[in-house]
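Heads up: the structure comes next, in structure tokens.
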Amino acid sequence: MNAWIPSPMAAATRYAIKTLDLLFVDRDLTRQRTSRSHCAAAAAATNTCEDLICRLASIAKRFPGPLSPPPPPPPGAKPRRRHPYHYHALMKAFSRAGQSDEVLRLLRDMKESGCKPNLLCYTTAIHSLVISNRPFEAQSLFQEMLMNGVHPDTISFSILAKSLAFHLKHFDSALTFLGCMVKNGSEPDVVTYSSLIAGFCRAGLVDDALKMFKIMHELKCTPNAHTFTPIIQFYCSRGEIRMARWILDYMHDYSIVPDAVAYNVFVQSLCQARQFEQVETLLRESDENGWMPDSVTYNTYINGLCKAGRVEDAFDQLEVMLGKGFHPTAVTLSILLNLLCSESKVVQVKSLLEKSVLLGWFIGTDGYNTVMSRLSESGQWVAALKLFADMVKKGVSPDTHTFNIVINSLCKGGKLGVAKCMVRSQGFIADSVTYNILYCAFQTAGRIDEFHDLFSNMGLLQDSVTYNIVIDYLCRKGRYSEAIYFLRTLEDSFSPDVVAHLTFGLVKGGKLGEVLSLFRDMLDRGLVIDHCIFDSLIKAFCLKGSCGGMGIYKLCVVLDVMLGIR
DNA sequence: GTAGGGTTAG
């Protein structure tokens, strides 16, 4: 392994490599590696794939080294002069590199050397924890800052308010926090409000976002493109393209010119709806609408075309993108690798990655993650683990997503103990995806107590996917009352996504009385029964074969209750 | 001197 792989992942990586070396001599794995299906997959190569790989290689030649590895931060670097400014400069660099542990180390070093951290150092450290999804540690550090007599300002308050709303979805706390800001003499500004609006929109609470928008207006706080983009995103995510376009027009009417980010969200939505001609029009008219498409715009468009099977058009757009002077980014590469993988050429892509050094193209973490993920999904988890070893040997730093793919592969191979050790190894930062992968694996293996021991000290990592896993499991086991009880114990107990999962399980189990009771309860509380619940329910009835014969009567009863007409 | 917000792939 190359020496420059920085902490915090270094220890976890070393452990992983050691483990993999042991794993590859495992008899079962060796058998799987040489299985016939893999040989058949390797033999299934076609000219199409070769053609795509040639194109990729030709781009690599035209743009040598566009994805060069980031320079490694100096190991154990310390500022020459012990002044908060110098510490801050280093902390900022580590924070930008996503290395919050290093930021905390510098903060500790400051205190130990008698240099009192100032507001900026604390702010950067808190922000680093927030963007690394470590909200509780961010809150503790904020408390420590107050205890040390450092008074927060609008920026530090805003970072914590964003953490509460955007990451934790604790909106009541976020609003209370806003009140605290004012009491402490820090007025929320456009960034503070925009962060909260983004949090509301991300949680699907657009009405609350619009209320916040109204408050901004009343306080004469002028919104900008950052304020509107999450609202556009909300409507786009629901396929409400007309509403999204209306907001873009509204922005123009009020002289808040939407920028590339706002339009990129819209382009994504048009691509999902396969409205590629609209995308073309948007790009053609970009100049007169006052925005410049960027590499994200083209990546989004190229990805949309790939997903729609329009590979030639995708490569044409790649040419347009390159012609306009945009270098392919890590995302461009991921999109193209993903395209190759979706053509069932994962084996060839794996070999392309292994030869990437010869091609003169640095393939980074994201490129490896994409291919490893596809390998693992298609059941070739040993190949995914081998590619992981290859990536680390080339000096490409794994991130949490990489480790999640490795852990998923280990779980698929029944190596739960190894996965558990990797999560426990120093420097491993688990996220909600890690939590969900392991929860599923330990639950299926009937070893859920071990799972709880593993995560008991890691703070809250559950999300709606976790809740759905629990509900699916309880419904599969016929423990419907427990599933309903579980839903009611959740903080956001009637989240549409989770309700949709539960009603799906209940309908499949023939528990229509429980479904009706749940819907009546929701309607009594003034809650709206979301379209995703409707979709899930219809799917469950269809799967159960209830859309014909007498079964249709039961379906109609449920739909009437949903619509509040029975 | 330095700090905070919205987007794309997996």
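Any value given below was found using the heavy atoms of this structure, including those in side chains, with hydrogens, waters and symmetry copies removed. Here is how names work: the chains are called A, B, and so on, in the same order as the sequence lines, proteins then strands, and each is numbered from 1.
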Query raised in the report: Less than 4.0 Å between a side-chain N and a carboxylate O, is that true for A/Asp390 and A/Lys394?
Result: yes
**Report entry** Under-4.0 Å side-chain N/O to phosphate OP1/OP2 contact, A/His127 with B/dG5
**Finding:** yes
Report task. Taking only the side-chain heavy atoms of A/Ile159 (C-beta and beyond), determine which of B/dG5, B/dT7, B/dG4 contains the nearest atom. Result -> B/dG4
Requested in this report: Report the nucleotide, chosen from B/dG10, B/dA3, B/dG5, that has the shortest atom-to-atom distance to any side-chain atom of A/Glu377.
Outcome: B/dG10
Report task. Please state whether the base of B/dG5 and the side chain of A/Ser195 form at least one donor-acceptor pair under 3.5 Å? Result -> no
Report task. Round to a whole Å and report the spacing from CG of A/Asn118 to P of B/dA3. Result -> 12 Å
Query raised in the report: Considering only B/dG6, B/dA9, B/dG5, which nucleotide approaches the side chain of A/Thr229 most closely?
Result: B/dG6
Requested in this report: Can you tell me the distance, in whole Å, between the CG atom of A/Leu282 and the P atom of B/dT7?
Outcome: 18 Å
Query raised in the report: Rounded to the nearest 0.5 Å, what separation is found between the SG atom of A/Cys271 and the CG atom of A/Asn264?
Result: 10.0 Å
Query raised in the report: Base, sugar-phosphate, or nothing for A/Asn303, non-hydrogen atoms under 4.0 angstrom?
Result: sugar-phosphate
Query - Minimum-distance nucleotide (side-chain atoms of A/Asn369 versus B/dG10, B/dG6, B/dA3) - result: B/dG10
Donor-acceptor pairs under 3.5 Å, side chain of residues 247-258 of chain A to any protein atom, not counting sequence neighbours: which ones?
from: A/His252; atom 1: NE2; to: A/Tyr263; atom 2: OH; distance (Å): 2.9

Report task. Among the candidates B/dT2, B/dA3, B/dT7, find the nucleotide nearest to the side-chain atoms of A/Gln233. Result -> B/dT7
Query raised in the report: B/dG5 P sits how many Å from A/Ile231 CD1, rounded?
Result: 18 Å
Query raised in the report: Which nucleotide in the set B/dG6, B/dT7, B/dG4 lies at the smallest distance from any side-chain heavy atom of A/Val296?
Result: B/dT7
Query raised in the report: A/Lys92 side chain N/O closer than 4.0 Å to the phosphate oxygens (OP1, OP2) of B/dG4?
Result: yes
Query raised in the report: Base, sugar-phosphate, or nothing for A/His88, non-hydrogen atoms under 4.0 angstrom?
Result: base
Query raised in the report: Given the rule in the side chain to side chain donor-acceptor pair (under 3.5 Å) test, do A/Tyr122 and A/Asn148 qualify, once you have shown the distances and angles that lead to the verdict?
Result: CA-CA 11 Å; A/Tyr122 271 118; A/Asn148 286 337; 2.7 Å; yes
Query raised in the report: Taking C-beta and beyond as the side chain, do A/Glu144 and A/Lys111 meet within less than 4.5 Å on heavy atoms?
Result: yes
Requested in this report: Give A/Ser373 one of three labels, base, sugar-phosphate or nothing, depending on what nucleic acid heavy atoms sit under 4.0 Å from its own.
Outcome: sugar-phosphate
Query raised in the report: With a non-hydrogen cut-off below 4.0 angstrom, is A/Thr300 in contact with a base, only sugar-phosphate, or nothing?
Result: sugar-phosphate
Query raised in the report: Within this structure, what is the CD1-to-P distance between A/Ile126 and B/dG5, rounded to whole angstrom?
Result: 14 Å
Query raised in the report: From B/dG1, B/dG4, B/dG10, pick the nucleotide closest to the side chain of A/His401?
Result: B/dG10
Query raised in the report: If you look at every strand shown and take non-hydrogen atoms under 4.0 Å, does A/Thr297 touch a base, only sugar-phosphate, or nothing?
Result: nothing
Report summary line: Regarding the side chain of A/Arg374, the nearest nucleotide among B/dG10, B/dT7, B/dG5 is B/dG10
Query raised in the report: Donor-acceptor pair under 3.5 Å: do we get one between A/Ser334's side chain and the base of B/dA9?
Result: yes
Requested in this report: Assign A/Asp366 to base, sugar-phosphate, or nothing according to its heavy-atom contacts below 4.0 angstrom with the strands shown.
Outcome: base
Requested in this report: Could you tell me whether A/Leu120 contacts a base, only the sugar-phosphate backbone, or nothing, with contacts defined as non-hydrogen atoms closer than 4.0 Å?
Outcome: base
Query raised in the report: Below 3.5 Å, does any donor atom in the side chain of A/Asp153 face an acceptor in the base of B/dA3, or the other way round?
Result: yes
**Report entry** Spacing of A/Leu339 atom CG relative to B/dG10 atom C1', expressed in whole Å
**Finding:** 14 Å
Query raised in the report: For A/Val190, which contact category applies under a 4.0 Å heavy-atom criterion: base, sugar-phosphate, or nothing?
Result: base
**Report entry** Under 4.0 angstrom between A/Asn338 side-chain N/O and B/dG10 OP1 or OP2
**Finding:** yes
Requested in this report: Rounded to the nearest angstrom, tell me the gap between atom CG in A/Leu387 and atom P in B/dG10.
Outcome: 17 Å
Query - d(CG, A/Leu270; C1', B/dT7) in whole Å - result: 14 Å
Query raised in the report: Regarding A/Arg245 and the six-membered ring of A/Phe266, is the cationic atom NZ or CZ under 6.0 Å from the ring centre and inside 45° of its axis?
Result: no
**Report entry** Integer-rounded Å distance: B/dT7 C1' and A/Asn299 CG
**Finding:** 11 Å
**Report entry** Basic-acidic side-chain contact under 4.0 Å: A/Arg310, A/Asp316
**Finding:** no
Query raised in the report: Below 3.5 Å, does any donor atom in the side chain of A/Asp259 face an acceptor in the base of B/dG6, or the other way round?
Result: yes
Query raised in the report: Is there a donor on the side chain of A/Ser158 or the base of B/dG4 sitting less than 3.5 Å from an acceptor on the other?
Result: yes
Report summary line: Regarding the side chain of A/Ser194, the nearest nucleotide among B/dG10, B/dG5, B/dA3 is B/dG5
